[in-house]
Peer 1: 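My questions all concern the structure below.
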Amino acid sequence: MALPALRRPPPALALLLLWVTGQAAPVAGLGLDPESELHIERRSVPTECPRAVRPGDFVRYHYVGSLRDGRRFDASYDRDSTFNAFVGKGQLISGMDQALVGMCVNERRFVTIPPKLAYGSEGVAGMIPPDSVLHFDVLLVDLWSPEDQVQIHTYFKPASCPRTVQVSDFVRYHCNGTFLDGTLFDSSHNRMKTYDTYVGIGWLIPGMDAGLLGMCVGERRVITIPPFLAYGEAGDGKDIPGQASLVFDVLLLDLHNPKDSISVENQVVPEGCERRSRSGDFMRYHYNGTLLDGSPFDSSYRRNRTFDTYVGQGYVIPGMDQGLLGMCIGERRRIVVPPHLGYGEEGRGNIPGSAVLVFDVQVVDFHNPSDSVNITSHYRPPDCSVRSQKGDFLKYHYNASLLDGTLLASTWNLGKTHNVVLGFGQVVLGVDMGLREMCVGERRTVVIPPHLGYGEAGVAGEVPGSAVLVFDIELLELVAGLPEGYMFVWTGEVSPSLFEEIDKDGDGAVLLEEFSEYIHAQVASGKGKLAPGFDAEMIVKNMFTNQDRNGDGAVTAAEFKLKDQEAEHDEL
């Protein structure tokens, strides 16, 4: 039987609340006769007391009641439940009504109540004799007033707060939940899982719905909620008793609205952006990926490798597909992706469900599979009548770099030219195309998409896969090639006695040594020309082999034919 209260208080009305700092009431009856006066001894008073009990407040407290001889007649601890009542409304014996005024939460008082302020000459049958002085050891656990409202104390707010929690937003937050006396009843930190919910649509207790509004991501606040805006008289049936004030220490990690689209913040846009990315482009970019509170979850920089993908084609999450469009090479931007355009309610890997994602992106290069080489001529000499074509032998200098300016190779640094024959696969197709129609002394820049460069594989340790290449070229020398299909041509009239001239010993059979000596003599005298840029000995050997029809190592007059006599063999 709980003696200090006469009846259970009526349900608390949901009225407006205003926290008011209270002062402890003066201790009554010090030095007076306990038989006739109320005596209060404050055994333990907390350092901080933002509010003290006033008449009209609702309190929850523990107590032990005993008689003068020390015999215990009642204790709330035995029932494992606090005693709950309004103060100053006749729900308690008069002495207790007075003794509780001015108490702080977590304060402990020893109270001696004379009979006239307790149960008087009647006592309580079987428990308290008539005219008994009562002794109570009281610990205040909770107090609130029907006029209270949610109390919010922000103790950290980030410098940047572009958006705050509004009604219908979805939030992710960590919190510790305690009672007013500091007893912990729940902690998302201990569960290592955020609390994820919509705000303002009835998914939360009313006090928490109100307390989260206006928060910034990264903000920390303490939300104190009176019971009639929490779990009321019934509690939650598990950890939270009835009529309990609740205190939540909240850290907001994330917020978004289901109607949100991506947001893009252009951070660095380079000058002279000739082209912006569009759907279907293949892009190489670096990024740092974080959650909205700044927690990192991925970084291409840490892998020391760009992320390479088509954009606008569904190869990446929808938010990135959208956010990567319209970018310039070299541009840096921040792309904020709501979860329904990211990894949704399920999350992925170390990305929690319903998480807003932040990508800080730097575009390294992009191209379209339909792109060809792009040639920009910076200088042409006044006389540019002779231009390079297939078969010509070229000597040129170049710097090769990536689109972001990273230098890959330089013949200037090596101190020697690069020499090629156009149209014979001696360089990647994009360079071959970029060297066409060029005159000696011309300088040009050639931009080469990867499918005309080193492709998806690149060159291990030198050229990244799917990289767009930039060649700055200066042509220094051009040796005209031979007509297509020829490796040797006559520059004058061909002798009608050609075979006899080659067959110096007149034995009717020309050996390789005789053939080679004769061809080289014609080239030296200007009567013949070998294709430039190739191994002369190899050309001559191939010419001889083509004439040696039966493969016996000697060419006879019957085997010997000129170009116009033998369409399949073009050497002579």
Peer 1: Under 4.0 Å between a Lys/Arg side-chain N and an Asp/Glu carboxylate O for Glu219 and Arg221?
Peer 2: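 Salt bridge: yes.
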Peer 1: Determine whether the aromatic ring centres of residues Phe179 and Phe185 are separated by less than 6.0 angstrom.
Peer 2: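 That pair passes the under 6.0 Å test.
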Peer 1: Does Asp321 reach the main-chain N or O of Gly314 with its side chain, forming a donor-acceptor pair under 3.5 Å?
Peer 2: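 Yes.
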Peer 1: So, are Asp186 and Arg191 salt-bridged, with charged N and O less than 4.0 Å apart?
Peer 2: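 Answer for the salt bridge query: yes.
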Peer 1: Does one side chain, of His174 or Thr194, offer a donor that lies under 3.5 Å from an acceptor on the other?
Peer 2: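 Side chains of His174 and Thr194: no pair found under 3.5 Å.
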Peer 1: Does Arg275 come within less than 4.0 Å of Asp281, counting only side-chain N to carboxylate O?
Peer 2: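 Yes, Arg275 and Asp281 are salt-bridged.
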Peer 1: Strictly under 6.0 Å, is that where the ring centroids of Phe359 and Phe297 end up?
Peer 2: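 Under 6.0 Å, so yes.
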Peer 1: Is there a donor in the side chain of Asp196 and an acceptor in the side chain of Ser354, or the other way round, less than 3.5 Å apart?
Peer 2: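 Looking only at side-chain atoms, Ser354 and Asp196 do not form any donor-acceptor pair under 3.5 Å.
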Peer 1: Return the orientation label for the Phe86 and Phe58 ring planes: parallel under 30°, perpendicular over 60°, tilted otherwise.
Peer 2: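 It falls in the perpendicular class, over 60°.
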Peer 1: So, are Arg163 and Asp169 salt-bridged, with charged N and O less than 4.0 Å apart?
Peer 2: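 The answer is yes: the pair qualifies as a salt bridge.
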Peer 1: Do you see a donor-acceptor pair shorter than 3.5 Å between the side chains of Asp131 and Ser121?
Peer 2: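 Checked: Asp131/Ser121 side chains show no N/O donor-acceptor pair below 3.5 Å.
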Peer 1: Between the side chains of Asp137 and Arg108, is the shortest nitrogen-to-carboxylate-oxygen separation below 4.0 Å, so that they form an ion pair?
Peer 2: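 Salt bridge between Arg108 and Asp137, a charged N being under 4.0 Å from a carboxylate O: yes.
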Peer 1: Quick one: do the Tyr287 and Asp298 side chains pair a donor with an acceptor below 3.5 Å?
Peer 2: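 Yes, a side-chain donor-acceptor pair sits under 3.5 Å.
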Peer 1: Do Asp249 and Tyr155 have side-chain atoms, one donor and one acceptor, less than 3.5 Å apart?
Peer 2: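 Present: a donor and an acceptor within the cut-off.
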Peer 1: Can a donor-acceptor pair be found between the side chains of Asp142 and Ser245 at a distance below 3.5 Å?
Peer 2: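 Note: Asp142 and Ser245 side chains meet the donor-acceptor criterion.
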Peer 1: Mind listing the closest non-hydrogen atom pair of Val150 and Gly211 along with its distance?
Peer 2: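 Scanning both residues, the minimum pair turns out to be CG1-CA, 4.3 Å.
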Peer 1: Within the 3.5 Å criterion, strictly below it, is a donor on Ser76 or His62 matched to an acceptor on the partner's side chain?
Peer 2: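 Judged by distance alone, the side chains do pair up.
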Peer 1: Do you see a donor-acceptor pair shorter than 3.5 Å between the side chains of Thr112 and His135?
Peer 2: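 Yes.
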Peer 1: Without hydrogens or angle criteria, can the side chains of Gln166 and Thr164 be said to hold a donor-acceptor pair below 3.5 Å?
Peer 2: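 On atom types as modelled, these side chains qualify, holding a pair under 3.5 Å.
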Peer 1: Does Arg42 come within less than 4.0 Å of Glu107, counting only side-chain N to carboxylate O?
Peer 2: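 Glu107 and Arg42: salt-bridged.
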